[in-house]
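Notes follow once the structure below has been shown.
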Number of protein chains: 2
Amino acid sequence: MSIIRKTKPVQLILKQFNNKGDAISAIELIEKFKKNMDKTTVYRILDRLEDAEIIHSFIDQDGLKRYAKDNKKIHSNNDLKHHPHFLCEDCGISSCLPVTISIPSIPDYTIKRAEHLFTGICKDCV
Amino acid sequence: MSIIRKTKPVQLILKQFNNKGDAISAIELIEKFKKNMDKTTVYRILDRLEDAEIIHSFIDQDGLKRYAKDNKKIHSNNDLKHHPHFLCEDCGISSCLPVTISIPSIPDYTIKRAEHLFTGICKDCV
DNA sequence: TAAGTAATGCAACCAAATTGCAATAATTTT
DNA sequence: AAAATTATTGCAATTTGGTTGCATTACTTA
């Protein structure tokens, strides 16, 4: 699985993630590329890119799936794996924050995955 | 707003939250009470209970809205406001963990809300 | 117990996401 | 470089979680 061919739609979406490091929702991408490709294609490309660990996804407070480019600094070692995602209430721009959240150890619980979502006002909207 | 009458549907749902402290998804409740009430009613009761701060909600990793009873110990003071939610991969049971996550302060960012989602294996599924 | 109004059920609707399938376009093989 | 292979796409239809409008029902209170 997850062999990715360099089709035009794939290149368009990849370029999008390379240009800006923001976390983009699937619907934003569908809207942006509606003349270039079908929404099904957008969803499937995102799935494949996630499989290939080129991007990662999370669900935001509104239940929308968002995707962001995988960042080596953030994802390479275990320490930095648990980084928070931030969503600005004002401009709606979402981003990965380059800080580590320490996971508390809870007796008898095995934590495999953690997702931290912050909502507030970003530096450009003060 | 948010005056809550003790109708039969409301009592059923309240009993559900009083019995078990788990975080229940709206669809679980709809399924469970499908012979007792309409799904619209479930959604509207949940909204009202949340308004009245009897329960609180969050979106889980699958994008499902989940609700749990508000816990005074967890919600009374600001320190304990940011408690994580845990979802067991195995049994699917979700719960509020009574621990505090410290929010890192990020320069130029104002964090208003935080949501922490852990996925893993719970104590009953080891 | 009658009036006022909150709450419910039903049907229709909506948006995000998924699926099946035939057509198309990257690759790979020759 | 053409043919064969198979990943990828577009389109239409479907699914799912959730919402809305409205007439009817049932709490509450006076």
Side-chain angles (χ1 to χ4, degrees), chain A residues 1-17 22-68 85 87 92 94 115 117, chain B residues 1-17 22-68 85 87 92 94 115 117:
Chain A
M1 310 315 78
S2 96
I3 289 156
I4 290 164
R5 292 187 176 178
K6 285 191 201 118
T7 65
K8 260 156 277 166
V10 167
Q11 286 172 323
L12 277 172
I13 288 191
L14 268 181
K15 197 162 67 182
Q16 188 62 210
F17 282 109
D22 298 335
I24 318 169
S25 69
I27 42 169
E28 284 173 289
L29 287 168
I30 290 166
E31 174 60 26
K32 175 150 205 165
F33 293 120
K34 68 176 163 206
K35 51 226 147 304
N36 303 294
M37 68 191 86
D38 191 74
K39 63 174 174 172
T40 332
T41 305
V42 174
Y43 283 117
R44 287 196 272 225
I45 289 177
L46 291 172
D47 277 355
R48 274 180 277 140
L49 292 180
E50 192 173 14
D51 260 31
E53 297 185 343
I54 295 165
I55 58 176
H56 67 281
S57 74
F58 62 97
I59 309 265
D60 76 11
Q61 315 261 26
D62 296 324
L64 289 184
K65 208 164 182 183
R66 288 183 174 276
Y67 296 83
H85 292 115
L87 177 64
S94 174
E115 180 57 43
L117 270 165
Chain B
M1 312 309 82
S2 96
I3 289 157
I4 290 166
R5 292 189 176 176
K6 285 190 199 120
T7 65
K8 260 155 278 168
V10 167
Q11 286 172 323
L12 277 172
I13 288 191
L14 268 182
K15 198 162 70 183
Q16 189 61 211
F17 281 109
D22 299 335
I24 317 168
S25 69
I27 43 169
E28 284 173 288
L29 288 169
I30 290 166
E31 175 60 26
K32 174 151 207 163
F33 294 120
K34 68 177 163 205
K35 49 223 149 308
N36 304 293
M37 68 191 85
D38 191 75
K39 64 171 175 173
T40 332
T41 306
V42 175
Y43 282 117
R44 286 195 274 224
I45 290 177
L46 290 171
D47 277 355
R48 273 180 277 140
L49 292 179
E50 192 173 14
D51 259 31
E53 297 185 344
I54 295 166
I55 58 176
H56 66 281
S57 74
F58 62 98
I59 310 261
D60 77 9
Q61 317 260 27
D62 297 323
L64 289 185
K65 207 165 182 182
R66 288 183 174 275
Y67 296 84
H85 292 115
L87 177 65
S94 175
E115 180 57 42
L117 272 163

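The chains referred to below are lettered A, B, ... by the order of the sequence lines, with proteins before strands, and numbering in each begins at 1.
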> Atom CD of A/Gln11 and atom C1' of C/dA26: how far apart are they, to the nearest Å?
Replying inline: 11 Å
> What is the distance, rounded to the nearest whole Å, between atom CG of A/Leu49 and atom P of D/dA7?
Replying inline: 17 Å
>> To the nearest 0.5 Å, what is the distance between CG on A/Asp60 and CD1 on B/Ile59?
In response: 8.0 Å
> Heavy atoms, side chains only, cut-off 4.5 Å: are A/Ile24 and A/Arg66 in contact?
Replying inline: no
> Roughly how many Å is it from CG in B/Leu46 to P in D/dT19, rounded to a whole number?
Replying inline: 10 Å
>> In this structure, how many angstroms lie between the P atom of D/dT9 and the CG atom of A/Leu12, rounded?
In response: 11 Å
> Just how far is it from atom CG of B/Asp22 to atom CD of B/Glu28, taken to the nearest 0.5 Å?
Replying inline: 8.5 Å
> Under 4.5 Å between any side-chain heavy atoms of B/Met37 and B/Val42, yes or no?
Replying inline: yes
>> Counting the atoms with a prime plus P, OP1 and OP2 as sugar-phosphate, which does B/Lys39 contact under 4.0 Å by heavy atoms, base, sugar-phosphate, or nothing?
In response: base
Cut-off 3.5 Å, no hydrogens considered: what does the side-chain donor-acceptor table look like for residues 6-14 of chain A, sequence neighbours left out?
{"residue": "A/Thr7", "atom": "OG1", "partner": "A/Val10", "partner atom": "N", "Å": "3.4"}

> Do the non-hydrogen side-chain atoms of A/Leu29 and A/Phe17 ever get within less than 4.5 Å of each other?
Replying inline: yes
> Out of curiosity, B/Gln61 CD to B/Leu117 CG, how far, rounded to the nearest 0.5 Å?
Replying inline: 5.0 Å
> Could you run down nucleotides 21-30 of chain D 5' to 3' and tag each one B, S or - for protein heavy-atom contact under 4.0 Å?
Replying inline: BB---BBS--
>> Is there a side-chain contact between B/Tyr43 and the phosphate of D/dG18, meaning an N or O under 4.0 Å from OP1 or OP2?
In response: yes
> How long is the line joining CG of A/Asp51 and P of D/dA7, in whole Å?
Replying inline: 14 Å
> In whole Å, what is the span from the CG atom of A/Asp62 to the P atom of C/dA15?
Replying inline: 15 Å
>> Rounding to an integer number of Å, can you tell me how far B/Asp47 CG sits from C/dT8 P?
In response: 12 Å
>> Distance check, rounded to the nearest 0.5 Å: B/Glu50 atom CD versus B/Lys65 atom NZ?
In response: 5.5 Å
>> Using a 4.0 Å cut-off on heavy atoms, which residues in residues 23-38 of chain A reach DNA chain D? List them by number, or say none.
In response: A/Asn36, A/Met37, A/Asp38
>> Could you check whether any side-chain N or O of A/Asp62 sits under 3.5 Å from a backbone N or O of A/Leu64, counting only pairs where one atom can act as donor and the other as acceptor?
In response: no
